[in-house]
Amino acid sequence: MNHDDVLLNVRGLKTYFYTLDGIAKAVDGMSFYLDKGETLAIVGESGCGKSITALSIMGLVPQPAGKIVNGKIYLNNDDILEYPESKMQDIRGDKIAMIFQEPMTSLNPLMTVGSQISEMILRHRRVTKKESWERSVSMLEKVQIPSPGRRAKDYPHQLSGGMRQRVMIAIALSCNPQILIADEPTTALDVTIQAQILDLMLRLKQDYETSILMITHDLGVVAEVAQRIIVMYAGKIIEEGNVFSIFENPRHPYTKALLKSIPKFGNRTEHGREPLQEITGIVPNLYKLGSGCSFCPRCKEAMDICKIKDVGLTDLGNGHRVRCLLCKSKREE
Amino acid sequence: MKDTIYKKILRRKNLVVGIIITLAVVFMAIFAPLMSPYHPIDDADLMVSDQPPSIEFLFGTDEQGRDILSRVIYGARVSLSIGLLSQAMNTVIGVVLGLLAGFMGKWWDDIIMGLTNIMLSIPSLVFALAIMALLGPGLINVFLALGFTNWAYTCRITRSQVLSSQELNFVKAAQALGYGKIRIMFTQILPNIVGPILVIGTLGVAGAILIEAGLSFLGLGTQPPTPSWGGMLATAREQLFTSPWISIFPGLAIFITVLGLNLLGDGWRDYMDPRISRQ
């Protein structure tokens, strides 16, 4: 991890939620990095801490229950967790921008989309209103909205879901951020629009030299866009590596099971009709995480020791790391 | 697009009636000198006192021989201006406090909501009476008394709207874009909660008109000879059985105006609530 072009470096991030039911360790010791111009995908089931990781980076952990208890987040070698709120506000949108899952409700219903983009530009750049409006229109053009000059005067309810997500992308990229965090950007869209939006994001990423942190549970999306993958489970990184090594050679039982649960094209003609593999059991209760591997109760390859022994990440070389005793036993401690 | 909005409004009968009545009263107040057949104060003629309604005096005359129709028309000015101004003041106070409570949270919220609950626990007529007793009678004082007593509902609604709208996705998105609290408050939240605040305001105007009438009836509000509906009722009280028209017409004026404003407020609320409008 000693490259020169690390843009975002998260070290030992722990974000806990203090509630009446106890402490929920939503993110429990995440360490990862994001290179310049790279697309990193964080994959995992609902409630595994993906979104909270993103919100922690943005400094927007839901208050007052949520709290970052430990860790450092370096952006260009500066620890942004140390920044005061006012400085974080300057960074949000300008250096790190975020797209949300719900394009239908993420836009202010009472403002035209053009003025929402120019509001963003006015917030972070010293430009006149006219310049910001012109820039908004050109942003709409960049996200391939037809007749952007006229569309800029439309209100969100006049646009379709895909169009609104394009507008969200336009807002997010309007200040040319270094990092774009996309929290399940295509989940609420239908499949053809999904492909278009992903395509658009990748093209704009190259144009703007932006790094993307993609949060998703859709492995199809990951395969299409990401260079590296982090698989998360119960607040921890469970496997990390580049797309090829994860898809070709998954090491963690959870990753293997995830990949098996995707329907494969042509599978039925070859092997006949057979049920899709599922992962039995449910995500563990974040309030009651014991010692030992948190995937252990659902794991088909679990050994007795898995229930007790907390296991660290094993480096398999080539950036492929995995948190599993099965892999650890093959190499020495 | 516009066509459908008109149709939507026309489908709500209470809203339509409310709008018509309110506009009529406002029109009456603005054009009082043109509409009233006599001057409400100067055209007193003791020769025609206590006359029942006739062609000459449509609503009859009072004990000093003044035309009741003219006085009712002029009375709309007092009632409406007191109602609108004091409610405007209430709305400003309520919205500012509500925004502070909802947005700053912590001890701001505790103090402001404590104050609001105290205000809500005192009947506003009693509170207004207390202020009037302190300030003495007079139109300006009525305005002040009402302007400071009725903001609690607006404050509560604003606070709850602020709290619930902070959960909205576009407000969260605005945070992620680096907008500060004040910017979010004014560009994202406030425009989206104007509707309910205006509805409460409309209903508040009706309430303020009633309280003004009550204060004037008790002799603390508008002072004679300025015509006001409450004051007219007060002087008519003694002749309730001998010349009922002196009290009936100002009473009807209060009734219809307040009814109109309430219908307007209720209809507007229904109009904005998508769950009701689907029926």
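Each chain gets a letter, A, B and so on, in the order its sequence line appears, and its residues count up from 1. Worth knowing before you read on, the calculation uses all heavy atoms, side chains too, and leaves out hydrogens, waters and symmetry mates.
- Considering only heavy-atom pairs separated by less than 4.5 Å from chain B, the leading option among P109(A), P177(A), G59(A), A97(A) is P109(A).
- Only the backbone of I96(A) comes within contact range of chain B, with heavy atoms under 4.5 Å apart.
- Residues D266(B) and N14(B) have side chains that never bring a donor and an acceptor to within less than 3.5 angstrom of each other.
- Contacts between L107(A) and chain B at a heavy-atom distance below 4.5 Å involve the backbone alone (N, CA, C, O).
- Residues D183(A) and S51(A) bring a donor and an acceptor atom of their side chains to less than 3.5 Å of each other.
- For the set M98(A), Q116(A), R123(A), the count of heavy-atom pairs under 4.5 angstrom toward chain B peaks at R123(A).
- With sequence neighbours excluded, the residues forming a side chain to side chain donor-acceptor pair (under 3.5 Å) with E85(A) are Q89(A), R92(A), listed by chain and number.
- Between T15(A) and S56(A), the side chains place a donor N or O and an acceptor N or O closer than 3.5 Å (distance only, hydrogens not considered).
- Among Q175(B), Q188(B), R183(B), the residue making the largest number of heavy-atom pairs under 4.5 Å with chain A is R183(B).
- Only the side chain of M168(A) comes within contact range of chain B, judged by heavy atoms closer than 4.5 Å.
- Qualifying ring-ring contact (aromatic ring centres under 6.0 Å, His included) partners for F27(B), counting only residues two or more places apart in sequence or in other chains: F31(B).
- For M58(A), the part lying under 4.5 angstrom from a heavy atom of chain B is the side chain only.
- Between chain A and the options T187(B), L168(B), N169(B), heavy-atom pairs under 4.5 Å are most frequent for N169(B).
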Y83(A) and D78(A): side-chain hydrogen bond (donor to acceptor under 3.5 Å, both in side chains), yes or no, with the steps? CA-CA 9 Å; Y83(A) 283 4; D78(A) 265 350; 2.9 Å; yes
